[in-house]
**Student:** 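Can you read through this structure? Questions will come right after.
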Amino acid sequence: MTHPADLSLTETVDAVTSGSLSAVEVAEATLSRIEARQPVLNCFIRIDAEGAMEAAKAADAKQARGEELGPLHGAPLAHKDMYYRAGVTVTCGSAIRRDFVPDITATVLQRLDAAGAVHVGALNMSEFASGPTGHNAHWGTCHNPWNPAHITGGSSTGSGSATAGRCVTGSLGSDTGGSIRLPAGICGVYGIKATQGRVSRYGAMGLSFSLDNVGPLARTARDCARLLKVIAGADPMDTTALLAPVDDYESDLEAGVAGLKIAVPENYYFDSIDPEIAQALDEVLATYEALGASIRRVALPHHDVIGGLSNIVGNSESCTLHAEWQEKCPELYAPLVRARMMAGYGFTAVEYLKAQHLRSAIAADVAKAAFDDADVLFAPLLRFPVPTLAETDVGDGPKLHEVLGSINYCTRPINYLGFPALSVPAGFSASGLPIGFQLIGPPLAEKRLFRFAGAYEREKGLAVAGPDLPG
Amino acid sequence: MKKDMRPAIASGQGIPVSDADAKRIANLTAGGEAALAKALSGSLFDTEPAHFDRFLIQGTKGEKS
C-alpha cells in the first residue's frame, strides 16, 4: 500500500475528497515522514505540527458537514520561509529576521488556505533568497534528497528538498534569477516561474521587485499546474500583479504536442554544455519529435548583455532593501550574502534606469526571434551534473561570482525578459542526480508550457521510487 | 567610469567598504557598464520602464488553442 506521504498533491486531494484517506491520516503520515527525514535533509526551519493537525481536523470536519471542498483539500504544503503570515515568525533564512513576526498574511497563503491546503511549516532557504546552492550559515545547509552530499539548488532550497524528499506534496518558492527552477530541476521535481507579475507578491519578502516571482514546486506537472492556478491572478494589494484572466493550467496537460514547434537556441544556453547533459537533452528533444513536435534552431539576440543588465537591476534593488542593515549590522549577514549585494551600491541611478528602459525592447526582440515560428523555447536548466556542496562552498572568496554565475547561467536571463519558464524533470545522470530542462514561453503562455510538460511526463513517466531516505 | 569611482559611490552611501569589497564592486559593476555600453544603440527618448509592463500584456502572441 502506498505510504500517504508518497502520494502526489492531486492524488492526495482525490484520496481525501473521496474518503479513502482522511486529512488527519495524511497529516499524521506527513509529520512522521518529516520527523524521519529532517535530520538528513534539513529542509525545514520550523515544523508546525500542532497547526497542521488543527488544520487537518478542520478539513475533515468541513468535509463531514458536506461543504464545498477546495482544489487543494487536505494537501500538506510548506513554503520557503519568506511568506508572511500574521503572528507567525518569518526568518527569511537570516539571522537579522530570526524573530520577525509580521502583521500581514501573504495573498498567496490566503489563497492556498482558502483552497483547502494544510500548512505544515516553514522551509529552509538561502539567506534573504540570495544564493543558488543550499548553504545557509544561520539555519544549516539543506541537502539534496537523491544524494545529501550534493546541492539542492537555491534559493528555494527547502522547497526543492522537501518536495522531492516527499515530505510535502508541494511548496511555494520564489525566483529572481532561477530560485524556483534550479531547486526544482536539481531535486528532480517541477517548478514554474510564471510571467512577471502573474502571481501577487504581496506579503512575500522582496529581493528585487522588478525580477521577483512567486511560484510553486511540485512532483507532477498536474500538481504544479493546480498550485499555480490557485495562486495566480490580480490582487488589489499588489498593483504589479497582472489583471489578465488566469487560465486553467491543467486543461491541456493531455492535449499532446503534435504539430507544435520547439525553438532550440543556437547561442548562449548550450554553450560549453557537459556531454552527458547534452545527450540527455537530445533525448528529450527526440521524445518530443516522436510525439509529433518539430524543432526550430533559433539565434537569440541580446544574450551577451542580458546578464549584465539584469545584474544592474537586481543588485541595485536588493541593495536598496538591505541598505539599512548593510550600514548598521553587516556582520549579521553571511559573508557570501553580504558580498553578493555589494555591487548594487556602485551603480548610478542613471545606469539603473537605462537598464530598465531597455527591458521592453530587448524582451520584444528575443520574443520575436524565439516565438515568431515556435511555441516554446527549450533550454537546459544546468549545463553540468549537479555539483556537491563542498565544490560550491565558496563563501565570499574570489570564485564566488564564477561558481554561482555558472549555476544560474541558464535561468537568470529569463527574469529580465519576464517570460514564463517551467523546469521539467528528465531523469538522472550517471551519478544518480536529477537532470532537468526548461520550457520557456512568451508572456502568459503558462498553459502551453504545461501542455508540453504533460506530454513528456505521460510518455516517459515519473520516478516511481522516491529517494532512499528514512521513513 | 573610472574603476575606483564605483567603490567611492558605495562608500558615500554609508556602506562599509573594505579593500576586498572595493575590488568586488569594481569588477561587478564593470560587467554591468560593459553590458550597457553594448546594449545602448540609440536614444532612450520616448521610452520608459512601464513599456515593459505593456509588453507583458500586449506584446505577445497570446495563448494558442
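Note on naming: letters A, B, ... go to the chains in the order of the sequence lines (proteins, then strands), and numbering restarts at 1 for each one. Just so we're clear, the structure is a prediction, and the values are computed from it rather than from any experiment.
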**Student:** Is Ser210(A) in contact with chain B via its backbone, its side chain, both, or neither, using a 4.5 Å heavy-atom distance?
**Tutor:** neither
**Student:** Using the rule given for side chain to side chain contact (heavy atoms under 4.5 Å, CB included), can you reason through Asn311(A) versus Leu28(B), listing the C-alpha separation, both sets of side-chain angles and the distance that settles it, and then say yes or no?
**Tutor:** CA-CA 8 Å; Asn311(A) 283 341; Leu28(B) 288 177; 5.7 Å; no
**Student:** Taking Ala50(B), Gly31(B), Ala39(B) one by one, which has the highest count of heavy-atom pairs under 4.5 Å against chain A?
**Tutor:** Ala39(B)
**Student:** Rounded to the nearest 0.5 Å, what's the gap from CD1 on Ile362(A) to CZ on Phe55(B)? Could you check?
**Tutor:** 11.5 Å
**Student:** With a 4.5 angstrom heavy-atom cut-off, could you sort out which part of Asp304(A) is near chain B: side chain, backbone, both or neither?
**Tutor:** side chain
**Student:** Can Arg338(A) and Asp21(B) be said to form a side chain to side chain contact (heavy atoms under 4.5 Å, CB included), step by step?
**Tutor:** CA-CA 10 Å; Arg338(A) 182 184 164 276; Asp21(B) 292 336; 2.6 Å; yes
**Student:** Could you state the interatomic distance from CG (Leu36(B)) to CZ (Phe347(A)), rounded to the nearest 0.5 Å?
**Tutor:** 8.0 Å
**Student:** For the interface with chain B, which of Glu351(A), Lys328(A), Gln356(A), Lys368(A) has the highest count of heavy-atom pairs at distances below 4.5 Å?
**Tutor:** Glu351(A)
**Student:** Show every salt bridge (Lys or Arg N to Asp or Glu O under 4.0 Å) that has at least one partner inside residues 253-262 of chain A, sequence neighbours left out.
**Tutor:** Arg222(A)-Glu254(A), Lys261(A)-Asp373(A)
**Student:** Looking at Ala244(A), Gly441(A), Ala363(A), which has the largest count of heavy-atom pairs under 4.5 Å with chain B?
**Tutor:** Ala363(A)
**Student:** Residues two or more places apart in sequence or in another chain: which of them pass side chain to side chain contact (heavy atoms under 4.5 Å, CB included) with Leu353(A)?
**Tutor:** His357(A)
**Student:** Ile57(B) versus Leu242(A): any side-chain heavy-atom pair under 4.5 Å?
**Tutor:** yes
**Student:** If I take atom CG from residue Leu358(A) and atom OG1 from residue Thr47(B), how far apart are they, to the nearest 0.5 angstrom?
**Tutor:** 7.5 Å
**Student:** Would you check if Leu444(A) and Leu56(B) make a side-chain contact, meaning some heavy-atom pair closer than 4.5 Å?
**Tutor:** no
**Student:** Passes side chain to side chain contact (heavy atoms under 4.5 Å, CB included), Thr240(A) versus Asp53(B)? Steps please.
**Tutor:** CA-CA 9 Å; Thr240(A) 69; Asp53(B) 304 326; over 6 Å; no
